[in-house]
Amino acid sequence: MESKAGVRDWIAEAKVIAAEIEGHADRHDAEESFVTEGYARLKDAGFFKALVPVELGGGGADFAEIFGAIRVLGAACGSTALAFSMHTHLVAAAVWRREHQAAPTEGLLRRVAGEDLILVSSGGSDWLDSAGTAERVEGGFRITARKAFSSGCQMGDLLMTSAVYDDPEAGPTVLHFGVPLNAEGVTIADAWHVLGMRGTGSHDLVLDKVFVADAAVAGRRAQGKWHMLFHVISMIAFGSIYSAYMGVADGARRRALEIARTRKPDPYLLARVGEMENAHVAADLALREMIDIACAGTPSQETTNRLMICRTLLGEAAIDTVTRAMEVAGGAAFYRKAGLERAFRDVQGARFHPLQREPQLALAGRVALGLDIDG
């Protein structure tokens, strides 16, 4: 689908896909099965390579367009949106680092475009400390780890992950690398039996002495310390991820209003709707700030702090929006057919991405007081 100027309208295309996959969302939720239809449609439409620059074989979309598409998908199927957001933020970070840091990510981006690769993130189970061990062997490392929250791994091609190497000189060092999901020693552990976002298929990936060559190690950093790489990741990733939760809130609001319009608007109903609207606007404002940061920000501890504040504000407001939507709908919200109870469960995932509330508050406090953010 192209606009009048001949440029693809990614958000309009996402609306078409959202309408197609919405009918599958309840089934995947009930079965705890992966959202294969959503991923297949997104792949067929070129969404997995949308952010790759045109000169590298991709769609040349900008961050705001694809984050907006994720939001549209989230209103129909939160699991499709959230799983896709994990791939999206990895590609977005690689694009940003190539453009602004001359980082050697062109090879990865060409592969994403040329081979239609789907990337899988282990960031939610790693963060600053990382997880798993890297044992030094001839020509590289043997990786032993269990990576939770590996969204989209059933259809994924390449796991972007890390492990800790006990460097005899530098001390505990986090190595960053990619591992093909079909590599020897990589298996999927059936672990994703959860409250919400059940269709993301965020099972554990088990790495049993998987070989990673020295040349495949893309970065090294001290364990547990903030690094410029994580300021880049924070600046970009959370606008992608939380667009999915904003979409869930959008969908819940829409369904609640549809139900409310069938009733006589007494003062109590009007107040409930008004409270829902306040929460929804608060979430929207926070997301707009996060997208502005992703599109035009400069990575730094101040940028990360601002982004993480928005992440908390958006998460809380999205949860509040869905909670208020259930109150607006009343008893109808208790029935699965209304779609609100799935939204209520899905949106709870907004609580659990880093930085969670308490660490985020501590970071904000340290920055405000001029303290070292590494404590």
Would you call [X] and [Y] a salt bridge, using N to O less than 4.0 angstrom?
X    : Y    : value
R253 : E277 : yes
D204 : K147 : no
E106 : R110 : yes
D116 : R111 : no
D250 : R254 : no
R345 : D29  : yes
E55  : R98  : yes
E37  : R41  : no
R142 : D208 : no

With sequence neighbours excluded, what pairs up with [X] under the ring-ring contact (aromatic ring centres under 6.0 Å, His included) test?
X    : value
H89  : none
H100 : W96
F344 : none

Please check if any side-chain donor atom of [X] sits under 3.5 Å from a side-chain acceptor atom of [Y], or the reverse.
X    : Y    : answer
T303 : S300 : yes
H280 : T321 : no
H193 : E32  : yes

Worksheet item: Does the gap between the ring centers of H87 and F48 come in under 6.0 Å?
Response: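 Between F48 and H87, which both carry aromatic rings, the centre distance is below 6.0 Å.
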- Task: Taking side-chain contact (heavy atoms from CB on, under 4.5 Å) as the test, write out the residues that go with T312, two or more places apart.
- Result: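 Partners of T312 under the side-chain contact (heavy atoms from CB on, under 4.5 Å) test: E316, R357, Q360.
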Q.
Could you work out, with side-chain contact (heavy atoms from CB on, under 4.5 Å) as the rule, every residue matching N182, not counting sequence neighbours?
A.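 For N182 the side-chain contact (heavy atoms from CB on, under 4.5 Å) partners, ignoring immediate neighbours, are P180.
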By the definition side chain to side chain contact (heavy atoms under 4.5 Å, CB included), identify the one residue from V179, L175, T161 that meets it with V212.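 Checked V179, L175, T161 against V212; only one passes side chain to side chain contact (heavy atoms under 4.5 Å, CB included): V179.
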Could you list the cluster mates of [X]? Members are the ILVMFWY residues connected by side-chain heavy atoms closer than 4.5 Å, either directly or through other members.
X    : value
V72  : I11
V137 : F211
I309 : L313

Pairs under 3.5 angstrom only: tabulate donor-acceptor contacts from the side chains of residues 364-374 to other protein residues two or more places apart or in another chain.
from: R366; atom 1: NE; to: D372; atom 2: O; distance (Å): 2.6
from: R366; atom 1: NH2; to: D372; atom 2: O; distance (Å): 3.0
from: D372; atom 1: OD1; to: D374; atom 2: N; distance (Å): 3.0
from: D374; atom 1: OD1; to: W226; atom 2: N; distance (Å): 2.9

I'd like a table of donor-acceptor pairs (distance under 3.5 Å, sequence neighbours excluded) in which one partner is a side-chain atom from residues 323-339, with atom names and distances.
from: T323; atom 1: OG1; to: I319; atom 2: O; distance (Å): 2.9
from: R324; atom 1: NE; to: D320; atom 2: OD1; distance (Å): 3.2
from: R324; atom 1: NH1; to: E275; atom 2: OE1; distance (Å): 3.1

Strictly by ring pair (Phe, Tyr, Trp, His ring centres under 6.0 Å), give each pair with a member in residues 142-170 just once, sequence neighbours left out.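 Of all non-adjacent pairs touching residues 142-170, those that pass ring pair (Phe, Tyr, Trp, His ring centres under 6.0 Å) are F141-Y165.
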Is there any ring pair (Phe, Tyr, Trp, His ring centres under 6.0 Å) pair reaching into residues 296-330, and which pairs are they, with sequence neighbours excluded?
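Of all non-adjacent pairs touching residues 296-330, none passes ring pair (Phe, Tyr, Trp, His ring centres under 6.0 Å).
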Original post:
Using 30° and 60° as the class limits, which term best fits the ring planes of Y242 and Y245: parallel, tilted or perpendicular?
Top reply: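 If you compare the ring of Y242 with that of Y245, the planes turn out tilted.
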Side chain S130, main chain D126, donor-acceptor under 3.5 Å: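 No: the side chain of S130 does not pair with the backbone of D126.
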